[in-house]
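The structure appears right after this line, and notes come after that.
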Amino acid sequence: MKKESKLEAQVKNALERFLGQASVVIETGDDRIDFNGHAQMKSASTIKLAVLLEAYRQVDQNLMKTYDLISLKPEDFTEGSGVLFYLDSVKELSFEDLLTLMIIVSDNTASNIAIQIVGIDNINQLLQRLGCAETVLERKFMDVQSALEGLDNYTSAADLVTLLKAVDSGGLLSEDSRRRVLHILKKQQLLAGLHGRIEEEDEVSVASKSGSLPGVVNDAGIFEYRSNKVYTAVLTADSPDHHSGQELIAEIGGYIYDWLKAKESPAN
């Protein structure tokens, strides 16, 4: 039985104090920390990471071009997170700009158009190919009728780490597409979760995608500092309030930040 690391002990303590349910996976390169990592939970917008990967896989297959112009029709606009619903003058966007909005402000209009373009079946087939057994996209975002029929989107912390590693490895996407995906994830504008205790200009970078619903706050990201990387996902359910979920995720992000800084200190 391996000795519990300081990082693992810190995360365990944070989870014991949290009043809801939580699932955490952290891969540091040296170690894997897993607390309920394969629990299937509501994904909220973290599943947009899978949409992003399938979109760039199709770019690599020459099925789409990043510069293809996508027309936005009145029926495409969707409420919820994002900005496009409020921008009446926007009539078209490049495919890459659409994907960028889907990630950095979690735009639901952009997300639903992207899903329509790349196909739900293709996204789910990619998830199966990557071995993400707990992740499934069953409906678009803000699709109330499908939700009433019992359809929803699910994932696990373990699967989200698998998706993050697929972004960062050479097995799925071309080098150019991997660079583009990481660039988008690093431009994340929703910074209350894993980024929450990291200064904006710090050397530690986080490429991430978060998501939330009532009682649900999730985040998944790649931390990078000099020669070290950490892949992590934190999912919560039955959170007493949105702030509590965000604080748990920010606390865990802070511990990862401290681990990275200590790893690169002269004493190590």
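Residues take their numbers from the sequence shown, with the count starting at 1.
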Can you list, pair by pair, the side-chain donor-acceptor contacts under 3.5 Å of residues 63-74, counting residues two or more places apart and other chains?
unit_1 : atom_1 : unit_2 : atom_2 : d
K65    : NZ     : N62    : OD1    : 3.3
D68    : OD2    : K65    : N      : 2.9

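For R197, the side chain to side chain donor-acceptor pair (under 3.5 Å) partners two or more places apart in sequence, or in a different chain, are E247. A search for side chain to side chain contact (heavy atoms under 4.5 Å, CB included) contacts involving N124 returns I120, L127, V136, L137, not counting sequence neighbours.
Atom-to-atom distance recorded for Q40:CD and T155:OG1 is 8.0 Å, nearest 0.5 angstrom. Note that NZ of K209 and CG of L49 are 9.0 Å apart. Values are rounded to the nearest 0.5 Å. Within the model, atoms CG of N112 and CE of M142 stand 9.5 Å from one another, a figure rounded to the nearest 0.5 Å. The structure places CD1 of I123 at 10.5 Å from CZ of R57, a figure rounded to the nearest 0.5 Å. Distance check: W259 CH2 to N228 CG gives 5.0 Å after rounding to the nearest 0.5 Å. Atom CG of L235 sits about 5.0 Å away from atom OG of S23, to the nearest 0.5 Å.
In terms of modelled atom types and a separation under 3.5 Å, the side chain of D60 and the main chain of S174 share a donor-acceptor contact. Remark: side-chain polar atoms of D159 are not paired, donor with acceptor, to backbone N or O of L130 under 3.5 angstrom. Side-chain atoms of K229 do not come within 3.5 Å of backbone N or O of R226 as any donor-acceptor pair. In this structure a side-chain-to-backbone donor-acceptor pair under 3.5 Å is missing from E8 to I33. With S239 contributing its side chain and G245 its backbone, the two residues share a donor-acceptor pair below 3.5 Å. Within the 3.5 Å criterion, the main-chain N or O of D76 finds a donor-acceptor partner in the side chain of T78. Proximity of a side-chain donor or acceptor of T232 to a complementary backbone N or O of V25 within less than 3.5 Å is detected. Although no hydrogens or angles enter the test, the distance criterion places a donor-acceptor pair under 3.5 Å between the side chain of N218 and the main chain of T236. A distance-only check finds no donor-acceptor pair linking the side chain of E54 to the backbone of V118 [under 3.5 Å].
Put simply, the side chain of L7 reaches to within 4.5 Å of the side chain of V11, judged on heavy atoms. Proximity of L52 to L99: side-chain heavy atoms (C-beta onward) are separated by under 4.5 Å at one or more points. With contacts defined as side-chain heavy-atom distances shorter than 4.5 Å, the pair V51/S111 does not qualify. The shortest distance between side-chain heavy atoms of E96 and Y56 falls below 4.5 Å. R129 has its side chain within reach of L172: a pair of non-hydrogen atoms, C-beta onward, lies under 4.5 Å apart. Taking the side chain as every heavy atom from C-beta outward, I26 and Y255 never approach each other to under 4.5 Å. Contact annotation: the side chain of M41 never approaches that of V216 to less than 4.5 Å [non-hydrogen atoms, C-beta and beyond]. The closest side-chain heavy-atom distance from Q58 to N122 is below 4.5 Å.
Both L160 and I103 are assigned to one and the same hydrophobic cluster, defined by single-linkage of ILVMFWY side chains at heavy-atom distances under 4.5 Å. Residues L185 and V230 do not share a hydrophobic cluster, defined by chaining ILVMFWY side chains whose heavy atoms lie under 4.5 Å apart. Linking Ile, Leu, Val, Met, Phe, Trp and Tyr whenever their side-chain heavy atoms come within less than 4.5 Å puts M102 and V105 in one cluster. I47 and L164 fall within a single hydrophobic cluster, where Ile, Leu, Val, Met, Phe, Trp and Tyr are joined by side-chain heavy atoms under 4.5 Å apart, directly or via other members. Both L126 and I117 are members of a single hydrophobic cluster when ILVMFWY side chains are connected at heavy-atom separations under 4.5 Å.
For Q189, the CD atom sits in a packed shell: over 12 heavy atoms of surrounding residues, nucleotides or ligands are nearer than 6.0 Å. Counting non-hydrogen atoms of other residues, nucleotides and ligands closer than 6.0 Å to CD of E175 gives a total of 12 or fewer.
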Exercise for the section: Output, in order, the C-alpha distance, side-chain angles, deciding distance and verdict of side chain to side chain contact (heavy atoms under 4.5 Å, CB included) for D202 and K261. Expected result: CA-CA 11 Å; D202 199 282; K261 285 298 183 85; 3.6 Å; yes
Exercise for the section: Please lay out, stage by stage, how L15 and L248 fare under the test side chain to side chain contact (heavy atoms under 4.5 Å, CB included). Expected result: CA-CA 8 Å; L15 294 176; L248 172 69; 4.1 Å; yes
Handout entry: Derivation of the side chain to side chain contact (heavy atoms under 4.5 Å, CB included) call for I198 and F223
Key = CA-CA 11 Å; I198 302 173; F223 287 70; 3.7 Å; yes
Exercise for the section: Begin with the C-alpha distance, continue with both residues' side-chain angles, and end with the deciding distance and a verdict on side chain to side chain contact (heavy atoms under 4.5 Å, CB included) for Y225 and E203. Expected result: CA-CA 6 Å; Y225 180 56; E203 285 186 75; 3.6 Å; yes
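The two residues V59 and S177 come nearest to each other via the heavy atoms CG1-OG, 4.4 Å. Scanning all heavy atoms of the two residues, the minimum distance from A220 to L194 falls at C-CD1, 3.7 Å. Closest of all the heavy-atom pairs between L213 and A44 is CG-CB, 3.9 Å. Contact between E224 and L260 at its shortest, heavy atoms only, is N-CD1, 4.5 Å. For the residue pair V167 and R178, the shortest heavy atom distance occurs at O-CG, 3.3 Å. Between N36 and A22, the closest heavy-atom pair is ND2-O, 3.8 Å.
Residues D176 and R179 are paired through a salt bridge, judged by an N-O separation under 4.0 Å between the basic side chain and the carboxylate. Taking a cutoff of 4.0 Å between a charged side-chain nitrogen and a carboxylate oxygen, E149 and R139 do not qualify as a salt bridge.
Side-chain contact, K48 with S106: a donor N or O sits under 3.5 Å from an acceptor N or O. No hydrogens or angles considered: nothing links the side chains of N153 and S43 as a donor-acceptor pair under 3.5 Å. A side-chain donor from one of S244 and D241 sits under 3.5 Å from a side-chain acceptor of the other.
S210 pairs with exactly one of D219, L191, I249, V234 by the side chain to side chain contact (heavy atoms under 4.5 Å, CB included) rule, that one being D219. Exactly one residue among N108, I113, V90, D107 makes a side chain to side chain contact (heavy atoms under 4.5 Å, CB included) with L101. That residue is D107.
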